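Before any comments, here is the structure.
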Amino acid sequence: MSGSLPIIIAAATAGASTSASTTATATIDRAPRSNAITLAVPSLDGARGAQVGYERWLQGPRLGLTVSVQLREAAVGDYTGIRAGVGGELRWYWRARSFLHAQPTGSMIGWFIGGRVDVAVDTTHDDSSDRWLGTSLEIGTSALVGYRFAPWRGLEITPSAGLNWRYDVDLSGRLPGWSRTGIAGGLSVGWMF
């Protein structure tokens with residue numbers, strides 16, 4: 001009996017240290033992620049190009065600050081169109097938690113409301129007559145509501161919807177500026193780290 005006591009103590013000590021290291025690892029893995037890289041899925045639809053964004057999480061006020069860039073083909077067929085732009089968005093995650101438990105409470109997940117500003121330049125070329133038709137500047141704002149899912153590790157899926165306002169300016173000066181309102185919809189997929 002006395003010979004087995006050191007073995008029991010060694011086994012209990014090894015089990016306790018393994019349990020402590022597992023708990024420490026779980027605590028580290030459950031820390032809120034402060035960054036996200038996203039890809040706007042609708043920007044891939046029907047034309048070449050993409051819109052890519054970066055979001056930074058400010059945990060105290062539950063705010064996400066996003067910047068994005070886009071470069072894509074804006075016209076096809078007899079025309080070649082190129083669109084380049086930048087955007088910024090401010091999101092407030094009012095609960096910062098999800099019904100899925102892949103991320104801890106306090107992460108940039110769950111319901112959010114936000115405001116967005118975009119600036120883009122479109123230029124169009126008529127391929128049949130080999131001439132540039134013009135360049136326009138588009139300035140837009142959007143009010144959005146959405147929900148960020150984080151189903152597995154750092155994977156994030158974010159649908160959003162809202163209202164937007166756009167103002168276009170013909171930089172050649174041939175056409176007057178014009179504005180329009182509409183419904184905004186978006187879907188992004190990315191990785192939080």
Side-chain angles (χ1 to χ4, degrees), residues 35-58 61-96 108-150 156-192:
N35 305 285
I37 299 291
T38 61
L39 175 66
V41 175
S43 72
L44 303 174
D45 184 34
R48 293 179 294 229
Q51 179 176 327
V52 179
Y54 167 76
E55 184 172 0
R56 177 71 179 164
W57 175 235
L58 304 174
R62 296 191 311 264
L63 293 175
L65 301 172
T66 303
V67 294
S68 62
V69 295
Q70 65 171 307
L71 180 63
R72 60 182 154 188
E73 187 177 51
V76 294
D78 292 339
Y79 301 93
T80 300
I82 299 171
R83 166 175 272 233
V86 296
E89 186 173 338
L90 178 64
R91 294 177 175 174
W92 179 57
Y93 294 83
W94 66 72
R95 296 181 68 196
M108 52 182 164
I109 53 175
W111 288 104
F112 67 86
I113 56 174
R116 181 170 179 82
V117 175
D118 291 290
V119 177
V121 174
D122 285 324
T123 185
T124 307
H125 183 264
D126 184 348
D127 295 338
S128 60
S129 64
D130 194 27
R131 65 186 179 101
W132 289 98
L133 300 178
T135 302
S136 65
L137 175 69
E138 181 182 84
I139 302 166
T141 61
S142 304
L144 303 167
V145 63
Y147 191 91
R148 171 168 280 158
F149 297 92
E156 67 88 9
I157 303 166
T158 308
S160 61
L163 301 172
N164 65 20
W165 174 82
R166 300 280 185 250
Y167 185 75
D168 289 293
V169 178
D170 179 11
L171 296 179
S172 68
R174 293 182 300 217
L175 298 172
W178 67 97
S179 65
R180 62 193 184 280
T181 58
I183 297 173
L187 176 64
S188 70
V189 176
W191 192 259
M192 297 188 297

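Bear in mind that the values here come from a model prediction, so they are computed numbers and not experimental data.
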Min side-chain heavy-atom separation E55-R91 under 4.5 Å = yes

Residues at least two apart in sequence or cross-chain that pass side-chain hydrogen bond (donor to acceptor under 3.5 Å, both in side chains) with R116, listed by chain then number, are S68, E89, D118

Run the numbers on N35 and Y54 for side chain to side chain contact (heavy atoms under 4.5 Å, CB included), then give the verdict.
-> CA-CA 7 Å; N35 305 285; Y54 167 76; 2.4 Å; yes

With a 4.5 Å heavy-atom cut-off, do V119 and L137 have their side chains touching?
-> yes

So, N164 side chain and G182 main chain: donor-acceptor pair closer than 3.5 Å or not?
-> yes

Shortest non-hydrogen contact from P159 to Y147?
-> CD-O, 3.0 Å

Just wondering, do R148 and T38 contact through their side chains at under 4.5 Å, heavy atoms?
-> yes

Nearest heavy-atom contact between S160 and F112 is CB-CZ, 4.2 Å

What residues form a side-chain hydrogen bond (donor to acceptor under 3.5 Å, both in side chains) with T124, not counting sequence neighbours?
-> none

Answer yes or no: is there a donor N or O on one side and an acceptor on the other, between the side chain of E138 and the main chain of A120, under 3.5 Å?
-> no

For R62, salt bridge (Lys or Arg N to Asp or Glu O under 4.0 Å) partners two or more places apart = none

Gap between atom OG1 of T80 and atom CG of D127 - 0.5 Å precision = 3.5 Å

In chain order, what residues pass the ring pair (Phe, Tyr, Trp, His ring centres under 6.0 Å) check against W132, with sequence neighbours excluded?
-> H125

Smallest separation among heavy atoms of Y79 and L133, with atom names = CE2-CD1, 3.6 Å

Residues pairing under ring pair (Phe, Tyr, Trp, His ring centres under 6.0 Å) where one sits in residues 159-188, two or more places apart or in two chains, turn out to be none

By side-chain hydrogen bond (donor to acceptor under 3.5 Å, both in side chains), which residues pair with R174, not counting sequence neighbours?
-> S172

To the nearest 0.5 Å, atom CG of L65 lies from atom CG of L90 at 5.5 Å

Give the minimum heavy-atom separation between L71 and A84, together with the two atoms involved.
-> CD1-CB, 4.0 Å

